Amino acid sequence: ISIVAEFPLQYFYLGRVIGMTKKVLAAVILTGMCVVSVAGATPMTEFKKGEAQIDIAGWQHGGVFDKISGTKYDGDSKIGFVGTATYAIADKWGLQYGYHDLTTGDLNNGREDSHVGGYQNEVNALYSFDPHAAAYIGWNRIHTNLGGTHNDNNLAQLGIVAKTALADKLDLYGNFAVGSQKTYMGEAGLGYKLSDNLDLNAGYRYLKSSAVMQSEDYTWKGFFMGLS
């Protein structure tokens, strides 16, 4: 990651990326509704071949960027789009694609006219070893950009997602992963069953990684709310 002033081209580039991602996710949703049954509840930890789940949320996140030219910067909080599609390719086995917007608001420490733009793409293979828990391994790409300068972290990751019932229709869940390039992810939340095929979920997410071939550490964190 590098830090420069904003330019209209940034918005054009980031807008195209987010726009394309939303279109792809929308296509997945429509296709899934036509050809597969729907699984519940938040998150998907039990896989029966042919079932699928779509998660869409808004993420109110900010960023902390350490050691950039020897200075620490904080990025203002901003709402970003989150989307995940999970499909059971076989009993106990699932395939998942996830997208998180990582764009922050304006920075501090003399760079108030700049921000960090970016997004996260991940693809995971999941195995359910319990109806309420699944382990996964996958690929995670963290992309950041500013003023035409782009940085990509292509990471291998290993994680676990689990949930437990707190009450009728209410679940507590956690999702935790570690990856290469000093990457750590933690997410915890609540899922409330609105109907057989619709859940409301809310929680907190934390993501930390380091720039490729550099010593900078980058952190994104904040609350989210969405539907599954």
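One is the number of the first residue; the rest follow in order along the sequence. On a predicted model such as this, the values are computed, not experimentally measured, just so you know.
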Does Thr45 reach the main-chain N or O of Pro131 with its side chain, forming a donor-acceptor pair under 3.5 Å?
yes
Same apolar cluster: Tyr192 and Leu166, side chain cutoff 4.5 Å:
yes
Which of these, Asn153, Thr219, Thr144, sits in a side chain to side chain donor-acceptor pair (under 3.5 Å) with Ser209?
Asn153
How are the rings of His100 and Trp59 set relative to one another: parallel (under 30°), tilted (30 to 60°) or perpendicular (over 60°)?
perpendicular
Does any part of the side chain of Phe224, heavy atoms only, come nearer than 4.5 Å to the side chain of Asp55, both counted from C-beta?
no
Path from Met225 to Ile56 over hydrophobic side-chain contacts below 4.5 Å
no
Between Ile79 and Gln60, the two heavy atoms sitting closest are CG1-OE1, 2.6 Å
Taken to the nearest 0.5 Å, the spacing of Asp171 CG from His132 NE2 works out to 7.0 Å
Please check if Leu170 and Leu227 belong to a single hydrophobic cluster, counting links between Ile, Leu, Val, Met, Phe, Trp and Tyr side chain heavy atoms closer than 4.5 Å.
yes
When you compare the side chains of Asn124 and Gln157, does any donor N or O come within less than 3.5 Å of an acceptor on the partner?
yes
Rounded to the nearest 0.5 Å, how far does CZ of Phe81 lie from OH of Tyr99?
8.0 Å
If you define the side chain from C-beta out and look only at heavy atoms, does anything of Tyr87 sit under 4.5 Å from Ile54?
no
Shortest non-hydrogen contact from Ala88 toward Phe47:
CB-CB, 3.8 Å
What distance separates Leu102 CG from Lys78 NZ, expressed to the nearest 0.5 Å?
11.5 Å
Residues Thr42 and Ser228: side-chain donor-acceptor under 3.5 angstrom
yes
Determine whether Lys49 and Ile89 make a side-chain contact, defined as any pair of heavy atoms from C-beta on separated by less than 4.5 Å.
no
Calculate, to the nearest 0.5 Å, the distance between atoms CE and OG1 belonging to Met44 and Thr84 respectively.
12.5 Å
Under a 4.5 Å cut-off applied to non-hydrogen side-chain atoms, are Asp199 and Leu194 in contact?
no
Before you tell me yes or no, could you show the steps for Glu46 and Ser128 under side chain to side chain donor-acceptor pair (under 3.5 Å), namely the whole-Å CA-CA distance, both residues' side-chain angles and the distance that decides it to 0.1 Å?
CA-CA 6 Å; Glu46 185 176 15; Ser128 177; over 6 Å; no
If we only count heavy atoms from C-beta on, is the Asn140 to Asn121 side-chain gap below 4.5 Å?
no
Joint cluster assignment, Met185 & Tyr206, ILVMFWY side-chain distance < 4.5 Å
no
Nearest 0.5 Å, what's the NZ-CG distance between Lys193 and Asn201?
12.5 Å
Test salt bridge (charged side-chain N to carboxylate O under 4.0 Å, His left out) on Lys182 and Asp217; report intermediate values, then the result.
CA-CA 9 Å; Lys182 300 179 182 178; Asp217 292 327; 5.3 Å; no
Polar side chain donor-acceptor pair, Asn197 to Ser195, under 3.5 angstrom:
no
I need the Gln120 CD to Leu155 CG distance, nearest 0.5 Å.
8.5 Å
Taking all non-hydrogen atoms of both residues into account, name the closest pair between Leu190 and Tyr173 and its distance.
N-CE2, 3.8 Å
Just by modelled atom types, is the Leu172 backbone N or O under 3.5 Å from a matching donor or acceptor in the Thr164 side chain?
no
Given ring pair (Phe, Tyr, Trp, His ring centres under 6.0 Å), test Tyr127 with Trp93 step by step and report yes or no.
CA-CA 5 Å; Tyr127 176 75; Trp93 287 95; 4.9 Å; yes
With a 4.5 Å limit on heavy-atom distance, are the side chains of Glu51 and Gln53 in contact?
no
Given side chains that start at C-beta, do those of Pro43 and Lys163 come closer than 4.5 Å, heavy atoms only?
yes
Could you check Tyr218, Tyr119, Trp220 and say which one makes a side-chain contact (heavy atoms from CB on, under 4.5 Å) with Ile142?
Trp220
Note, Leu207 side chain near Lys221 side chain (heavy atom, < 4.5 Å)
no
